[in-house]
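Input: a single structure, listed below in structure tokens.
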Amino acid sequence: MANEIDTRAQLFAKYLGAELKGAIRSRGFSQAQIADQLGHARSSMANWLNAKPSIPMEVAEKVCLCIGVELRVIVSRAHERVNDEMGVYETEFRNKQHTTLEQLTRIALLNQQQQQQYGYTTAAYRDSDKYREMETPTD
């Protein structure tokens with residue numbers, strides 16, 4: 001099982017880089033332009049996009065912001081490519097758990113309910129101009 005997880009993770013990193021490369025090119029940018037704009041070495045950007053080593057998520061987010069694409073779209077496409085190649089990863093544990101998308105949907109719905117009921121939301125969803133602070137759960 002661990003070997004399959006490692007293989008899937010490596011394949012995901014490869015496809016994440018490939019999806020980012022494709023998005024960069026399709027929007028008329030070069031890897032060098034993006035690296036220069038973000039203040040990273042061109043060689044680092046090339047290595048990250050080839051998954052050697054895999055790109056840090058904060059850099060992937062910056063790249064997406066520069067080229068005008070949402071990181072979740074890139075991640076979703078990379079994930080789909082892994083599933084196309086290796087099949088959907090299922091374990092007994094996962095079958096009992098909610099998928100990430102289901103969890104995020106539940107969080108978003110809960111956040112909307114909080115806003116309507118209490119007049120506030122979690123700090124991550126507040127207006128960026130307002131002071132952000134962590135709310136303490138009242139469970």
Beyond-backbone contact of [X] with [Y], side-chain heavy atoms, under 4.5 angstrom:
X	Y	answer
Cys64	Leu20	yes
Ile55	Asn47	no
Val75	Met57	yes

Provide the closest heavy-atom pair for [X] versus [Y] in the form atom of the first, atom of the second, distance.
X	Y	value
His79	Phe12	N-CE1, 3.8 Å
Glu19	Ala78	CG-N, 4.0 Å
Arg42	Ala35	CA-CB, 3.9 Å

Stepwise side chain to side chain contact (heavy atoms under 4.5 Å, CB included) check, Leu11 with Arg81: CA-CA 9 Å; Leu11 197 57; Arg81 289 176 72 174; over 6 Å; no
Linked, directly or transitively: Ile5 and Met86 (ILVMFWY side chains, under 4.5 Å): no
In one Ile/Leu/Val/Met/Phe/Trp/Tyr side-chain cluster, 4.5 Å: Ile67, Leu38: yes
Listed partners of Ser76 passing side-chain contact (heavy atoms from CB on, under 4.5 Å), at least two apart: Glu80
All side-chain contact (heavy atoms from CB on, under 4.5 Å) counterparts of Arg25, not counting sequence neighbours: Lys21
For the [atom1] atom of [X] and the [atom2] atom of [Y], what is their distance to the nearest 0.5 Å?
X	Y	atom1	atom2	answer
Arg77	Asp84	CZ	CG	13.0 Å
Ser43	Gln31	OG	CD	11.5 Å
Met45	Leu49	CE	CG	6.0 Å
Ser54	Lys14	OG	NZ	14.5 Å

Derivation and outcome, side chain to side chain contact (heavy atoms under 4.5 Å, CB included), residues Val63 and Trp48: CA-CA 11 Å; Val63 170; Trp48 287 330; over 6 Å; no
Are any side-chain N or O atoms of [X] and backbone N or O atoms of [Y], one a donor and one an acceptor, separated by less than 3.5 Å?
X	Y	answer
Gln33	Ser30	yes
Ser26	Ala23	yes
Ser44	His40	no

By side-chain hydrogen bond (donor to acceptor under 3.5 Å, both in side chains) - contacts of Arg8 (at least two apart): Asn83
